[in-house]
Protein chains: 2
Amino acid sequence: MNKRNATSADVAILAGVSQSTVSRSFDPNSRISEPTRQRVFVAAEQLGYQVNKAAQTMIKKRSDLVGLVTAGLEDPFRSEFLHKLIIEVQNCGLRPMVMDVSNRQTIDEDLQGLIQYQLSGVIITSGTPSESIGKAFIKHGTPVVLVNRTEHSDEADIVNLDNENAGAMAAEAFLKSGKTNLVVIRAKSPSFSSVMRAKGFLNHLSPYLDKGTVQASEVFCEAGNYESGYQIATHILALKNRPDGVFFCMDHIACGFLDAAKKQLSTSDLRSIGVIGCDDVALASYKSYDLTTLRQPSTTMAKAVMQTLLNRLKLPSSPPSKQAIAAKLIYRSTLTKPSSD
Amino acid sequence: MNKRNATSADVAILAGVSQSTVSRSFDPNSRISEPTRQRVFVAAEQLGYQVNKAAQTMIKKRSDLVGLVTAGLEDPFRSEFLHKLIIEVQNCGLRPMVMDVSNRQTIDEDLQGLIQYQLSGVIITSGTPSESIGKAFIKHGTPVVLVNRTEHSDEADIVNLDNENAGAMAAEAFLKSGKTNLVVIRAKSPSFSSVMRAKGFLNHLSPYLDKGTVQASEVFCEAGNYESGYQIATHILALKNRPDGVFFCMDHIACGFLDAAKKQLSTSDLRSIGVIGCDDVALASYKSYDLTTLRQPSTTMAKAVMQTLLNRLKLPSSPPSKQAIAAKLIYRSTLTKPSSD
DNA sequence: TTGTATGCGTTATCAG
DNA sequence: CTGATAACGCATACAA
């Protein structure tokens, strides 16, 4: 029943060849006579032989595992993006090993632990790792790709949404729609993406602020979720001069706001407030919200991340790359496309 | 820069002990004199030594990886559950290796491939693996836990939501509210959970159907998502005698239905239709839906799954276990709690 | 408690 | 094209 697994040596005996020939038979780059190879395959099939990845890793000094470092999977965008990464990793013939670093004090140590697995790469989508940890991986020859974590790294490759420009696009959309009293809302706890989006939003408006033709301010809500958006609505709607355009750095905050606003405002009053979200999660397109938003193209980004990783594996010592993927404005009913567009 | 990684042998030399002593120092069960152990730790720290998991796996014939087999992560409940599993796997000191088998024709082969990794266990939440594949793992000594896949397995442990009873609870809730014209809706493509929920729903009603005091039917929508619920609404609302209670086997279908119904019906007409969903995803509690639903307790289930796995690791040859976790009825506004309750 | 010796299953090197 | 042999880094049985 629980007999020992078949090894390449077992296959070798059955096929009447040496163990190294068995090993080579499974390497497409190895030149083996076709008859021999077939004989090996038959024997392997018969014994249910499978390569032992541990042994393979030991000799190659590299596993086919890719570390996916993440956190805050309660956020649907994070979750969706992780999903896309998993798919792409698999498509490259690699295996995703996920690490959730939520509520971890010792992220650097936790990441250090990944070195034990001889990973083919580490993709960090969360956790704000220190520069030093990045260096530890590079030193070990493990490529690191940072996603939406920082603008600059000496060691790691970077793939970001062009967050700053996404914010600018939101601002521009409001301007085109004639909105002049604007607010940008993000969660208190600073996340790189949200900070950059808010920054891009305000920077784009600054010439108009100087001229005094537009007002804009930044408001913080508790967290980056639906409930926080619901709560902040009361505050926003009670402002002395109620804004006519609100940009939320995450879709779910916007949806929470909309639900609260529906209760507190007449339909026409609500309609007069332009609302833009960011990410374009599934929820944004649901009819109850139908939220105008800036799409973060998760599939495109996941593909870019894996391509970056593969390139790095091919050319380990090329200079670190940096990529900014453009967001796309998706008009829906919370801010309709101006006819001039 | 890219010098070879420190090994236990390197640490041994620096600490002035043998390699096996270094190995033992990191095994809590091994009795080592405290001074020696400290000396080893210092040397290890100094060299940045980390155990090589590949070598460890080779000798122990078991890695600390747990395979998480999943699919359909577009479904937020699946996604949420995967997240919970990841957390629980980590809490047990193990590592989650995720495998998405969506759109795969060769699931059995794909699963076979997991044997290469000497996994500590495989948790199958999707993919309807054949009995034979389960046996392949068991034969190899790798525990398998099936989640919401089937009622019976000779080989694998099972953790399910009590899906049938969940359906029955939905039916009972409608009866208590005096609803008499009922419909249950699930996606065309049969998934174990949905089929059992619908079955439990109808079975619970069967005595009333026989008496003729209640009507009930099963309706199929295209898929298990929001859009399908939106589409099916038109059909449901156009029925000759419009139902006064609809049970959806997944929350998102219900939410799609609600959004469509809001457009097609007056508020009071919509209120007269009781709606119950299943799973209690985040969306269900959003104010726009405020959906009465049967909660599938994802954290509880994830913990049960891991406990099952650990038990199996401890007692490899105990008989397969089967667990049914109870759903919980969460009253919200789409079917309010009868005062008699 | 510690050291010595062995083997896990594979790939890579080197002869033939 | 194929076979013998040497690592890879660790845990464990056995000896001291």
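In the text below, chain A, chain B and the rest are named by the order of the sequence lines, each starting its count at 1. All figures in this text were calculated on a predicted structure; none of them were measured in a lab.
Across all non-hydrogen atoms, the minimal contact from B:Val40 to B:Ser25 is CG2-OG, 3.5 Å. In terms of heavy-atom proximity, B:Leu47 sits nearest to B:Ala6 at O-CB, 3.7 Å. The two residues B:Ser120 and B:Ser63 come nearest to each other via the heavy atoms OG-O, 2.6 Å.
B:Tyr117 has its OH atom 23 Å from the P atom of C:dC8, to the nearest Å. Atom-to-atom, CD of B:Gln38 to C1' of C:dT2 comes out at 17 Å; the value is rounded to the nearest Å. In this entry the distance linking CG of A:Asp27 with C1' of C:dA12 reads 11 Å, nearest Å. Rounding to whole angstrom units, CG of residue B:Asp64 and P of D:dA11 are separated by 12 Å. Spacing between atom CD of B:Glu34 and atom P of C:dT2 amounts to 10 Å, rounded to whole angstrom units. Here the P atom of nucleotide C:dG9 and the CD1 atom of B:Ile115 are 15 Å apart, to the nearest Å. A:Phe26 has its CZ atom 18 Å from the C1' atom of C:dA12, to the nearest Å.
Using a 4.5 Å cut-off on side-chain heavy atoms (C-beta onward), A:Asn5 and A:Asn52 make no contact.
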When you compare the protein's N or O atoms with those of nucleotides 7-9 of chain D, which come within less than 3.5 Å of each other, and at what distance?
| residue | atom | partner | partner atom | Å |
| --- | --- | --- | --- | --- |
| D:dC8 | O3' | A:Lys61 | NZ | 3.1 |
| D:dG9 | OP1 | A:Lys61 | NZ | 3.2 |

Do any N or O atoms of the protein come closer than 3.5 Å to N or O atoms of nucleotides 1-5 of chain D, and which pairs are they?
| residue | atom | partner | partner atom | Å |
| --- | --- | --- | --- | --- |
| D:dT2 | OP1 | A:Ser33 | OG | 3.0 |
| D:dT2 | OP1 | A:Thr36 | OG1 | 2.4 |
| D:dT2 | OP2 | A:Ser33 | N | 3.1 |
| D:dG3 | OP2 | A:Ser18 | N | 3.1 |
| D:dG3 | OP2 | A:Ser18 | OG | 3.1 |
| D:dG3 | OP2 | A:Thr21 | OG1 | 2.4 |
| D:dG3 | N7 | A:Arg24 | NH2 | 2.6 |
| D:dG3 | O6 | A:Arg24 | NH1 | 3.2 |
| D:dA4 | N7 | A:Ser20 | OG | 3.3 |
| D:dA4 | N6 | A:Ser20 | OG | 3.3 |

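Taking B:Asp75 as the reference, nothing meets the salt bridge (Lys or Arg N to Asp or Glu O under 4.0 Å) condition, with sequence neighbours excluded.
Rounding to the nearest 0.5 Å places CD of A:Gln50 at 5.5 Å from CD1 of B:Ile115.
Counting non-hydrogen atoms of other residues, nucleotides and ligands closer than 6.0 Å to CG of B:Asn103 gives a total of 12 or fewer.
Side chain of B:Asn148 to main chain of B:Phe192: no donor-acceptor pair is present (N/O by atom type, distance under 3.5 Å, no hydrogens or angles).
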